[in-house]
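Notes to accompany the following structure.
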Amino acid sequence: MLEEVAAGLSTPQKELPPKYFYDHRGSELFEEITRLPEYYQTRTERAILESWMPELVAELGTRSLVELGAGSAEKSRIIISAMRGAGTAALYVPIDVSVTFLNQTAAGLRREYPGLTVDPIIADIAEHFDIPSGLPLPSLFAFLGGTIGNFYPPAAIRLLSRVRAAMRTTDRFLLGVDLRKDVGRIERAYNDTQGVTAAFNRNMLLVLNHELKANFEPDAFQHRAFYEAVNHRIEMHLVSTYEQEVRIPGIGLVGFRQGESIRTEISCKHDRASVADLFSSAGLHLEIWRPDSESLFALAVGRPV
Ligand code: AVJ
């Protein structure tokens, strides 16, 4: 972490990886974001999953579900219930960085779905991780929530390619993506009137203070989120409101000019063509494209080429 933070704060555009949002408080704040009126993504994706998974999973005959960045188990339940309904649920493999989360979820799911094997993998999906071999066929590899948007395109292609390499002909990849749309609508989702997203953004500084004994003053940084149209993405920044120096033991003093920012997150927005391109760069073919009726969010199914 120290190395990553040192590197991220020494480039002209300071930048820290979004995984540092998610300590206990950060995860709570994210949960709160998903319930905000402005934040349409979570509820829209859930509605698509609920209406479509029973049909999709029955058609595919999905026996194992491998979920990248399992997040909250709520979405997984929709898919597992659909597999149950189709009579094919055998194995669930959630992959996540949070050990506590994985263990809690695994225990809950085993209770709820007797007969379902739950084999969690603790890994940071942005880094290397191993996909188990010998999964009951066919498998569904799911990456939901629009979290692929946090990855710069080369990293997104690397992640998908790695999964693709473990896929067999009958396996499928299920990807959730936030869609390009009216810029105001997207920007409002990251600038909620209650200031929850601002608190979520600033929480990263508290994480640095706690983990690295740094002395960031969160109130000295302002939340800024805007749409960057060239690359079709939201960028979240923390903007230093005045010239200041922050001490991080092991790194030293980090200077900020007034108005200088740390980029804390990108959230890339997609359309059908951009997902088809992303898939094809990773050896996948976009087989099914399923947006909601307002085209806010979409689920895409890819099959190995
Ligand atoms: C969890 C990455 C999908 O990009 O919208 C929400 C995180 N950041 N509000 C997103 C987030 C600010 C979210 N993802």
Side-chain angles (χ1 to χ4, degrees), residues 15-23 25-49 67-76 94-98 101 124-126 142-153 155-156 159-160 174-207 218 221-228 231-239 261-270 274-275 278 292 296-300:
E15 177 153 28
L16 293 171
K19 66 179 175 208
Y20 296 137
F21 286 133
Y22 300 96
D23 66 345
R25 179 66 188 139
S27 303
E28 275 179 1
L29 286 165
F30 179 67
E31 286 294 309
E32 214 177 307
I33 287 173
T34 65
R35 292 189 293 268
L36 291 168
E38 295 96 333
Y39 197 80
Y40 53 82
Q41 297 185 44
T42 313
R43 68 179 69 93
T44 308
E45 182 181 53
R46 190 189 310 126
I48 308 172
L49 285 169
E67 192 178 11
L68 311 178
S72 93
E74 211 184 311
K75 285 174 275 187
S76 332
I95 307 177
D96 204 279
V97 265
S98 164
F101 162 78
D124 177 357
I125 54 157
F143 191 22
L144 301 173
T147 304
I148 190 73
N150 278 175
F151 291 75
Y152 286 94
L159 172 59
L160 265 54
L174 179 68
L175 183 69
V177 290
D178 192 20
L179 297 179
R180 296 173 191 173
K181 62 179 72 65
D182 170 63
V183 169
R185 179 88 189 253
I186 301 178
E187 287 187 333
R188 281 195 294 281
Y190 294 84
N191 290 282
D192 64 280
T193 58
Q194 295 171 60
V196 182
T197 309
F200 173 74
N201 197 4
R202 284 200 192 92
N203 185 62
M204 188 182 288
L205 301 179
L206 297 174
V207 170
F221 290 84
Q222 216 170 39
H223 165 71
R224 183 154 78 215
F226 59 90
Y227 195 68
E228 199 276 277
N231 294 295
H232 310 280
R233 69 191 186 205
I234 277 286
E235 291 196 5
M236 292 221 307
H237 291 248
L238 288 164
V239 185
S261 76
I262 310 171
R263 182 162 55 205
T264 51
E265 182 173 51
I266 62 165
S267 188
C268 299
K269 306 309 176 192
H270 286 277
S274 70
V275 172
L278 176 63
D292 64 288
L296 298 174
F297 197 94
L299 291 179

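Whatever order the structure lists them in is the order used to number ligands and atoms, beginning at 1.
Ranking the protein heavy atoms by distance from atom 3 (C) of ligand 1 puts Gly145 O, 3.0 Å first. Remark: minimum distance from atom 11 (C) of ligand 1 to any protein heavy atom is reached at Glu265 OE1, 3.6 Å. When only non-hydrogen protein atoms are considered, atom 4 (O) of ligand 1 lies nearest to Ser267 OG, 2.7 Å.
Within the listing of ligand 1, atoms 8 (N), 12 (C) sit less than 4.0 angstrom from a heavy atom of Phe200. Annotation for ligand 1: atoms under 4.0 Å from non-hydrogen atoms of Asn150 are 2 (C), 4 (O). Near Gln41, meaning under 4.0 Å from any of its heavy atoms, are these atoms of ligand 1: 5 (O). Under a 4.0 Å criterion applied to the non-hydrogen atoms of Phe30, ligand 1 contributes the atoms 1 (C), 6 (C), 7 (C), 13 (C).
In this structure a side-chain-to-backbone donor-acceptor pair under 3.5 Å is missing from Arg224 to His237. Formation of a donor-acceptor pair under 3.5 Å by the Lys19 side chain with backbone atoms of Pro17 is not found in this model. A donor-acceptor contact shorter than 3.5 Å links the side chain of Asp292 to the backbone of Phe297.
For Tyr227, the side chain to side chain donor-acceptor pair (under 3.5 Å) criterion is met by no residue, not counting sequence neighbours. For Arg25, the salt bridge (Lys or Arg N to Asp or Glu O under 4.0 Å) partners are Glu28, not counting sequence neighbours.
If you look at Tyr190 next to ligand 1, the close heavy atoms, those under 4.0 Å, all belong to the side chain.
Closest to atom 13 (C) of ligand 1 by heavy atom, among Phe151, Tyr39, Tyr22, is Tyr39.
A donor-acceptor contact closer than 3.5 angstrom is absent between the side chains of Tyr39 and Thr197.
Under 4.0 Å is where a charged nitrogen must lie from a carboxylate oxygen, and between Arg188 and Glu38 no such pair does.
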